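A short write-up of the structure that comes next.
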Amino acid sequence: MSIPNIITLGRIMLVPIIVWAIVSSQMEIAFAVFLIAGVSDAIDGFLAKRFNMTSELGALLDPLADKMLLVSIYMALGIWGAIPRWIVILVVSRDIMIVAAVIVSWLFDRPVAMKPSMVSKLNTVAQVAFAALVLAALAFGFKPGPYDIILMGFVTIFTLSSVSLYLVEWLRHMSAIEAK
């Protein structure tokens with residue numbers, strides 16, 4: 001168990017705290033915990049790369065922690081009514097589709113290598129920026145417009161683009177299965 005993995009596990013443990021803060025209307029706490037999670041993500045990534053502390057476990061845990069955090073925040077903000085439900089459905093559906101594709105690949109004994117594309121990285125940045133803006137607006141009482149609409153547009157475009165690219169790659173990968 002390396003230090004980056006411990007930090008990543010800590011980020012996973014922040015998920016219920018941030019969800020509690022959102023549903024309890026403790027937006028200052030939600031925003032602060034979100035910032036802590038973001039900083040911890042940067043720190044664990046830096047440590048893993050800089051000091052050669054990468055591991056297979058870390059390669060699985062880090063994106064899992066990111067997805068758990070973002071999906072939970074989007075769902076909580078959607079239920080709370082702070083963001084449109086359609087954006088929640090879009091973000092969550094993308095992750096469900098990707099996870100389902102990975103599981104099907106494993107079931108067919110054709111595991112697919114999951115390397116984030118540039119579009120996927122831009123998608124994560126857009127999702128984080130949108131969530132941060134909404135949480136900050138709720139915590140500090142300002143109107144986020146028009147930046148919220150702009151970021152929602154980016155989230156929509158990048159989410160649809162990234163899931164399309166993942167599914168095309170997955171279909172290519174899976175079509176190589178020999179018929180028995």
Side-chain angles (χ1 to χ4, degrees), residues 4 6-46 58 60-103 114 116-167:
I6 292 168
I7 293 170
T8 301
L9 288 173
R11 192 163 69 256
I12 290 171
M13 291 172 26
L14 292 176
V15 171
I17 296 168
I18 199 166
V19 170
W20 164 84
I22 292 169
V23 300
S24 300
S25 300
Q26 302 293 319
M27 295 306 173
E28 297 88 355
I29 294 171
F31 183 70
V33 173
F34 185 72
L35 286 179
I36 291 166
V39 170
S40 76
D41 190 22
I43 290 170
D44 75 48
F46 171 77
L60 292 173
L61 280 181
D62 190 63
L64 178 65
D66 294 344
K67 287 300 143 199
M68 287 175 67
L69 185 67
L70 283 173
V71 166
S72 297
I73 288 171
Y74 273 74
M75 289 179 65
L77 289 172
I79 291 167
W80 202 76
I83 61 174
R85 292 197 173 120
W86 66 264
I87 198 94
V88 176
I89 293 166
L90 182 65
V91 167
V92 173
S93 295
R94 172 198 176 267
D95 290 337
I96 290 171
M97 283 187 244
I98 291 171
V99 168
V102 168
I103 291 170
M114 295 300 292
S117 65
M118 181 54 74
V119 172
S120 181
K121 290 177 182 183
L122 291 171
N123 180 49
T124 300
V125 168
Q127 287 181 7
V128 167
F130 180 61
L133 177 65
V134 171
L135 285 171
L138 293 169
F140 304 111
F142 66 87
K143 296 217 182 274
Y147 306 107
D148 59 339
I149 301 300
I150 293 166
L151 286 172
M152 249 193 312
F154 283 133
V155 169
T156 302
I157 291 165
F158 291 137
T159 300
L160 291 172
S161 298
S162 69
V163 75
S164 298
L165 290 172
Y166 273 126
L167 290 178

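Keep in mind that this is a model prediction, so the values were computed, not measured. Only heavy atoms go into these numbers, but all of them, side chains included; no hydrogens, no water, no symmetry mates. Here, residue 1 is the first one in the sequence, and each next residue gets the next number.
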Quick one: are [X] and [Y] in side-chain contact, heavy atoms under 4.5 Å?
X	Y	result
Trp20	Ile29	yes
Val19	Met75	no
Leu77	Leu138	yes
Arg11	Asp62	yes
Val134	Leu151	no

Polar side-chain atom of Ser24 near backbone of Ala21 as donor-acceptor pair, under 3.5 Å: no
Backbone of Ala37 reached by a side-chain donor or acceptor of Ser40 within 3.5 Å: yes
Smallest separation among heavy atoms of [X] and [Y], with atom names:
X	Y	value
Phe31	Ala139	CB-CB, 4.1 Å
Val119	Leu165	CG2-CD1, 3.8 Å
Phe34	Ala132	CE2-CB, 3.5 Å
Ser72	Val15	OG-CG1, 3.3 Å
Ala126	Phe158	CB-CD1, 4.0 Å
Leu135	Ala30	CD2-CB, 4.0 Å

Ring geometry between Phe130 and Tyr74 (parallel below 30°, tilted from 30 to 60°, perpendicular above 60°): tilted
More than 12 heavy atoms from other groups under 6.0 Å of CE on Met13: no
Partners meeting ring-ring contact (aromatic ring centres under 6.0 Å, His included) with Phe142 (sequence neighbours left out): none
Atom pair [atom1] ([X]) and [atom2] ([Y]), whose distance is rounded to the nearest 0.5 Å:
X	Y	atom1	atom2	answer
Asp41	Ile7	CG	CD1	10.0 Å
Met27	Phe140	CE	CZ	12.0 Å
Asp148	Leu133	CG	CG	6.0 Å
Ile96	Ile103	CD1	CD1	10.5 Å
Ile22	Ile79	CD1	CD1	10.0 Å
Ile98	Tyr166	CD1	OH	5.5 Å

By salt bridge (Lys or Arg N to Asp or Glu O under 4.0 Å) - contacts of Arg94 (at least two apart):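 By the salt bridge (Lys or Arg N to Asp or Glu O under 4.0 Å) rule, Arg94 matches no residue at all.
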For residues 85-93, run the donor-acceptor check on the side chains, cut-off 3.5 Å, and write out each pair with its distance to 0.1 Å, sequence neighbours left out.
residue : atom : partner : partner atom : Å
Arg85   : NE   : Gly78   : O            : 3.4
Ser93   : OG   : Ile89   : O            : 2.6

side-chain contact (heavy atoms from CB on, under 4.5 Å) between Leu14 and Ile36, intermediate numbers included: CA-CA 9 Å; Leu14 292 176; Ile36 291 166; 3.9 Å; yes
